[in-house]
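One structure is given below, encoded as structure tokens.
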Amino acid sequence: MNLSLINPYIRLAMESRIPAGHNIARRVIYDYELIYIEEGNFTFIYNDKPYPCKAGDIIFIRPGIPHSFILDLGEISQPHIHFDITHRPQSEIIPISFKDLDKMSAEEREWIHENYFSSFSQAPLINIQNQSEFLENFYHIVSGKADDLTKKSLIIKLISNVISDNFSELLQSEKQLNVVNQIKDYINAGNGMGMTLDDFAKTFFYDKFYLERKFKEAFGLNLIEYRNKKRMELAKHLLKLHSVSEVSELVGYQSIYAFSRAYKNYFGYAPSKSKG
């Protein structure tokens, strides 16, 4: 898997409760799914193997793997996120699958995303080292309150946590990639506007001092200076379509006052002057 190609698309993110006695029949999904077990206990049949699951567990389901739920005595609460790791042309129109493979049409089978983790253990239960931070980002997506740019940034962080804590071998195979170009492309696409140097280091799995040095060598600006430049350019464009307060939030500022001060320092005039 080429980590530089990670460009996720969130298909569904929602709270969900399954009542006692209501099992979920065997199915295969087209995309990836993250599930957090808030409450309850059940048996998860994954690739024909049973896995006892309990509150606090995190499940990572990969595309094309048959699975089903067998509930125990009570209901379960299981907020979840369906997503593509790499956006594809039909990402917006592919539905959620509730079918087993033998019930799918030829077209539906083509919708099954590549399983980038096929060479690793297919066990569905995963470990997350910093579970509190992971769940904070997870629930921010599930709540539906975040804008699209924020949700994309958060799902990238979740994917990063899953990979770094469970599939670290992938990181070793990517050492030859030009990470500073990856970050530049990431910023140019409108991502990471509110990220710190530590955030970039964690997201791209590199030491922050290494990133700082290599980025300046390549582009003549340090990483945060470049981010600020693109942040202001994006803000100026967005001001033609949105209010100052809306743009302040869209480009990652904690307050309109901090945004206005940064904008004036950069352009020499207040953001309100860019309206219209």
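- Listed by chain and number, the residues in a side chain to side chain donor-acceptor pair (under 3.5 Å) with Asn161 amount to none (sequence neighbours excluded).
- When the side-chain contact (heavy atoms from CB on, under 4.5 Å) test is applied to Tyr139, the partners found at least two apart in sequence or on another chain are Glu15, Tyr36, Glu38, Pro79, Leu135.
- A salt bridge (Lys or Arg N to Asp or Glu O under 4.0 Å) check over residues 141-156, counting only residues at least two apart or in different chains, returns the pairs Asp148-Lys151.
- Looking at residues two or more places apart in sequence or on another chain, you find a side-chain contact (heavy atoms from CB on, under 4.5 Å) between Glu225 and Leu221, Asn222.
- Under the 4.0 Å criterion applied to side-chain N and carboxylate O atoms, Asp48 and Arg26 are assigned as salt-bridge partners.
- One finds no salt bridge joining Asp100 and Lys103 here, because no Lys/Arg side-chain nitrogen approaches an Asp/Glu carboxylate oxygen to under 4.0 Å.
- Cluster partners of Ile93 are absent, since no Ile, Leu, Val, Met, Phe, Trp or Tyr has side-chain heavy atoms less than 4.5 Å from it.
- Taking Ile, Leu, Val, Met, Phe, Trp and Tyr as members and joining any whose side-chain heavy atoms lie under 4.5 Å apart, directly or through other members, the hydrophobic cluster of Ile70 also contains Ile45.
- Classification of the Tyr116-His113 ring pair by plane angle, with boundaries at 30° and 60°, yields perpendicular.
- Residue pairs meeting the salt bridge (Lys or Arg N to Asp or Glu O under 4.0 Å) criterion with at least one member in residues 120-134, sequence neighbours excluded, are Glu133-Lys202.
- For the pair Lys216 and Glu212, the salt-bridge criterion is not met [side-chain N within less than 4.0 Å of a carboxylate O].
- Residues satisfying the ring-ring contact (aromatic ring centres under 6.0 Å, His included) criterion with Phe209, sequence neighbours excluded, are absent altogether.
- Remark: Phe60 pairs with Tyr32, Phe117 by the ring-ring contact (aromatic ring centres under 6.0 Å, His included) rule, at least two apart or across chains.
- Salt-bridge annotation for Glu33 and Arg62: absent, with no side-chain N of the basic residue lying under 4.0 Å from a carboxylate O of the acidic one.
- When hydrophobic side chains of Ile, Leu, Val, Met, Phe, Trp and Tyr are connected at separations under 4.5 Å, Leu71 ends up clustered with Ile18, Ile24, Ile29, Ile35, Ile37, Phe42, Phe44, Tyr46, Tyr51, Ile59, Ile61, Ile65, Phe69, Ile76, Leu125.
- Under 4.0 Å is where a charged nitrogen must lie from a carboxylate oxygen, and between Lys230 and Glu233 at least one such pair does.
- Side-chain contacts under 4.5 Å among hydrophobic residues (ILVMFWY), followed directly or transitively, place Leu12 together with Met14, Ile96, Phe98.
- The ring-ring contact (aromatic ring centres under 6.0 Å, His included) test applied to Tyr263 returns Phe259, Phe267, not counting sequence neighbours.
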